[in-house]
There are 2 protein chains.
Amino acid sequence: MQDRRVLRGESLLFLTDDQLLQGIELMFFAYRGFTSDPDKILDNHTYGRAHHRAIHFVHRQPGTTVNNLLDILGVTKQSLNRVLRQLVDDGLIESRVGERDRRERHLYLTQAGVALESELSATQRKRMREAYKAAGPDAVQGFRTVMEHIMDPEMRRHVNSPKRD
Amino acid sequence: MQDRRVLRGESLLFLTDDQLLQGIELMFFAYRGFTSDPDKILDNHTYGRAHHRAIHFVHRQPGTTVNNLLDILGVTKQSLNRVLRQLVDDGLIESRVGERDRRERHLYLTQAGVALESELSATQRKRMREAYKAAGPDAVQGFRTVMEHIMDPEMRRHVNSPKRD
DNA sequence: CAATTTATGTCAGTCTTGTTGACTTTCCAA
DNA sequence: TTGGAAAGTCAACAAGACTGACATAAATTG
């Protein structure tokens, strides 16, 4: 039983289980490499990936609320709270009571927070930059397209939208 | 200070920090989606991602040794051993003493192991297949190229090499 | 205005999965 | 043949997820 598109000449060989298996392994190994650089830095600060994620998204959306962060990170509030408490205590994140709604806490990086974010981000941007440069713009566009389809659709809106090329 | 290539007309705008930031977030969200389906299945078996990874690579390389698996997975042998012990105890993996070198253990999936592997793999292949199908073959090629450059170079040899398209 | 809902924070306990350290068995080479 | 290296195992600990219960304050609703 063959796919009709194959019969019409559109090769679907990129959809064989073998190719998909490769994709699965690419995800595994690429993600490992991707997280390895920041992990080394975080070790020196007795922080973990959870702290990095919080710092990253507070940096990208200054003033974001705890609830919004929960939505983005997909962890429990207890888990996020532990991390945020440490970062606030250590003076990397500032938590301001909301003006309009005083139940909300709006989160901002302090100067020290920005410094650590830069350090962490620099290693990851370096890795991405080198990969992008080696692969070229067309490959990067393909990468984006595939990645957006791999993620859960409702998460796409959380992805940074760069100014058009 | 502008890159010479920009002056020569080759747009390097896909290398702006904004674009790289997007790449970083694509990695984060795509990986989360990618692991979410198997995670649900694993919960019912009181297993975690570590078990999935072991099962995956034993399936792909039957007879692989613990040491080889350690190299692929990048964890400590103690960490891997705990996972393997459970899987062996539960009858999903068979561990055979090496014939040439009796220090080595060669790992194989049992029938039950193959069954769980299929179940886990099916959800991930489905996700990849749909993403690949939606993105098309050229995008997939770009995806591969970028992912291979993101990972640590010495890991590339561990990625499944499908038969040519 | 009272009752309910929402946003956040906290305490306690569990689980997975990583770590280090110490140990056994086996192999191999001096 | 013996001593070191390699492969694997056992034990204990830590980080960071999780659930569940509860607390507080502020906003919203009937």
Side-chain angles (χ1 to χ4, degrees), chain A residues 28 31-32 35-36 38-56 58 63-90 93-108, chain B residues 28 31-32 35-36 38-58 63-90 93-108 120:
Chain A
F28 172 66
Y31 194 76
R32 260 242 314 252
T35 51
S36 62
D39 281 354
K40 282 175 212 137
I41 297 171
L42 291 159
D43 273 349
N44 306 330
H45 296 258
T46 59
Y47 291 146
R49 257 177 230 177
H51 302 85
H52 184 189
R53 293 195 281 262
I55 289 172
H56 173 96
V58 169
T64 187
T65 62
V66 173
N67 240 0
N68 185 43
L69 217 47
L70 284 175
D71 191 30
I72 289 173
L73 297 177
V75 295
T76 58
K77 62 174 181 175
Q78 294 91 328
S79 197
L80 176 58
N81 187 253
R82 183 182 345 102
V83 165
L84 285 179
R85 198 182 352 180
Q86 292 175 55
L87 293 170
V88 169
D89 287 351
D90 295 351
I93 283 185
E94 189 190 349
S95 169
R96 295 186 207 150
V97 172
E99 291 186 1
R100 230 187 39 217
D101 185 336
R102 301 188 42 218
R103 292 171 304 181
E104 294 180 340
R105 299 289 179 275
H106 296 269
L107 305 171
Y108 300 88
Chain B
F28 173 66
Y31 195 76
R32 260 240 316 252
T35 51
S36 62
D39 281 355
K40 282 175 213 140
I41 296 171
L42 292 160
D43 273 349
N44 307 329
H45 296 259
T46 59
Y47 290 145
R49 259 177 228 178
H51 302 84
H52 184 188
R53 294 196 280 263
I55 289 172
H56 174 98
F57 285 105
V58 170
T64 186
T65 62
V66 173
N67 233 8
N68 185 43
L69 218 46
L70 284 175
D71 191 30
I72 290 175
L73 297 176
V75 295
T76 58
K77 60 181 179 170
Q78 295 88 331
S79 193
L80 175 58
N81 187 253
R82 185 182 338 102
V83 166
L84 286 179
R85 198 188 331 164
Q86 293 174 54
L87 292 171
V88 168
D89 287 351
D90 295 352
I93 282 183
E94 189 191 349
S95 169
R96 296 186 206 151
V97 172
E99 292 185 2
R100 234 188 34 219
D101 186 335
R102 300 187 41 218
R103 292 172 302 180
E104 293 180 343
R105 300 288 179 275
H106 296 269
L107 306 170
Y108 300 87
L120 292 168

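Naming: A, B, ... by sequence-line order, numbering from 1 per chain.
Taking atom CG on A/L84 and atom P on D/dG16, their separation rounds to 13 Å, with Å as the unit. Distance B/D89 CG to D/dT9 P: 11 Å, rounded to the nearest Å. Taking atom CG of residue B/L42 and atom P of nucleotide D/dC18, one finds them 15 Å apart after rounding to whole Å. For the pair B/N68 CG and D/dA7 C1', the interatomic distance rounds to 13 Å; values are reported in whole Å. The interatomic distance linking B/D71 (CG) with D/dA7 (C1') rounds to 14 Å, in whole Å.
At D/dG8, none of the side-chain N or O atoms of B/N81 fall inside 4.0 Å of OP1 or OP2 (strictly under the cut-off). Between B/N67 and D/dA6, a side-chain N or O to OP1/OP2 separation shorter than 4.0 Å is absent.
For B/R103, the side chain to side chain contact (heavy atoms under 4.5 Å, CB included) test picks out B/D101, with sequence neighbours left out. Residues meeting the side chain to side chain contact (heavy atoms under 4.5 Å, CB included) test with A/N81, sequence neighbours left out: A/R85. Considering only residues two or more places apart in sequence or on other chains, A/R102 meets the side-chain hydrogen bond (donor to acceptor under 3.5 Å, both in side chains) condition with none of them. Contacts of A/R82 classified as salt bridge (Lys or Arg N to Asp or Glu O under 4.0 Å), with partners at least two apart in sequence or in another chain: none. Applying the side-chain hydrogen bond (donor to acceptor under 3.5 Å, both in side chains) test to A/Y47 and every residue at least two apart in sequence or in another chain returns A/D90. The salt bridge (Lys or Arg N to Asp or Glu O under 4.0 Å) check on A/D39 picks up A/R49, with sequence neighbours excluded.
Side-chain atoms of A/S95 lie closest to C/dG9 of the nucleotides C/dT8, C/dG9, D/dA7.
For the pair A/H106 and A/R85, nearest-nucleotide mapping onto DNA chain C gives the more 5' position to A/H106.
A heavy-atom distance below 4.5 Å is found between the side chains of B/R105 and B/V97.
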Less than 3.5 Å apart, which donor and acceptor atoms pair up between the side chains of residues 66-80 of chain A and the rest of the protein, not counting sequence neighbours?
from	atom 1	to	atom 2	distance (Å)
A/N68	ND2	A/T64	OG1	2.7
A/D71	OD2	A/R157	NH2	3.1
A/T76	OG1	A/S79	N	3.3

In B/S/- notation, 5' to 3', how is nucleotides 21-30 of chain D contacted by protein heavy atoms closer than 4.0 Å? B----BS---
Protein and nucleotides 16-18 of chain C: nitrogen or oxygen contacts under 3.5 angstrom:
from	atom 1	to	atom 2	distance (Å)
C/dT17	OP1	B/R49	N	2.4
C/dT17	OP1	B/A50	N	3.0
C/dT17	OP2	B/H51	ND1	3.0
C/dG18	OP1	B/R53	NH2	2.5
C/dG18	OP2	B/S79	OG	3.4
C/dG18	N7	B/R82	NH2	2.7
C/dG18	O6	B/R82	NH2	2.7

